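The basis for the numbers below is simple: all heavy atoms, side chains too, and nothing from hydrogens, waters or symmetry mates. A quick note: this is a predicted structure, and the numbers were derived from the prediction, not measured.
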Amino acid sequence: MLDSVLIVRCDVQTDATFSQADAGLFLAANQINSVQMGARAAITDFDDSLVVRTERDIPVAAGMNDTQLAAALKAAVDGVIGAQNAMVAAAEEMAKLGSEAANQAQNGE
């Protein structure tokens, strides 16, 4: 990573375990990354728990004034938090679709 880049990152630990994870969170992260959200999303693990990570890097090169740096930092923080919120919504939608598919399979539809 370059010295002139700042990474804004947010990690949220979930109740889901890595050893028994379904594809919902991974699909949600893929969905977030397929559209321009202002940040990227990834699923990692820590102590067998899944962690939703969103991050964005911003340039902090010499020559930027305080106003430019503040605006870039605000946009990055807003993007990272927005991506976390979008991950919640996308994960809920994936879980709903998964439940519907399981019910249809169970009912032989």
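In the hydrophobic clustering of ILVMFWY residues, with side-chain heavy atoms under 4.5 Å counting as a link, V88 and L97 come out apart. Grouping the Ile, Leu, Val, Met, Phe, Trp and Tyr side chains by contacts below 4.5 angstrom, directly or via other members, places I43 apart from V12.
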Practice problem: Check the pair T14, V52 against side chain to side chain contact (heavy atoms under 4.5 Å, CB included), reporting the backbone distance first and the verdict last. | Solution: CA-CA 7 Å; T14 68; V52 176; 3.8 Å; yes
Self-check item: Pair M87-L25, side chain to side chain contact (heavy atoms under 4.5 Å, CB included): steps then yes or no
Solution: CA-CA 8 Å; M87 275 294 299; L25 278 176; 4.3 Å; yes
Self-check item: Trace of the side chain to side chain contact (heavy atoms under 4.5 Å, CB included) decision for L27 with Q31
Solution: CA-CA 6 Å; L27 290 170; Q31 183 175 350; over 6 Å; no
Quiz item: Checking side chain to side chain contact (heavy atoms under 4.5 Å, CB included) for the pair E55/R53: CA distance, chi angles, key distance, verdict?
Solution: CA-CA 7 Å; E55 66 182 23; R53 171 174 289 170; 3.8 Å; yes
Quiz prompt | Evaluation steps, salt bridge (charged side-chain N to carboxylate O under 4.0 Å, His left out), between D57 and R40 | solution = CA-CA 10 Å; D57 50 71; R40 62 187 164 271; 2.9 Å; yes
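Dense packing is recorded around CZ of F26, with more than 12 heavy atoms of other residues, nucleotides or ligands lying under 6.0 Å away. For N65, the CG atom is densely surrounded, since the number of other residues' heavy atoms within 6.0 Å is greater than 12.
The two residues A39 and N33 come nearest to each other via the heavy atoms O-OD1, 4.5 Å. Between L69 and V60, the shortest heavy-atom distance links the atoms CD2-CG1, 3.9 Å. Taking both residues in full, the closest heavy atoms of Q84 and C10 are given as NE2-O, 3.2 Å, listed atom of the first, atom of the second, then distance. Nearest heavy atom pair, residue S49 against residue Q13, reads CB-NE2, 3.1 Å. When every heavy atom of A28 is checked against every heavy atom of A90, the shortest pair comes out as CB-CB, 3.7 Å.
Using modelled atom types, one side-chain atom of R56 and one backbone atom of A75 make a donor-acceptor pair closer than 3.5 Å.
Taken from CG in L50 to OG1 in T44, the straight-line distance is 8.0 Å, to the nearest 0.5 Å. With values rounded to the nearest 0.5 angstrom, D48 atom CG is found 5.0 Å from T17 atom OG1.
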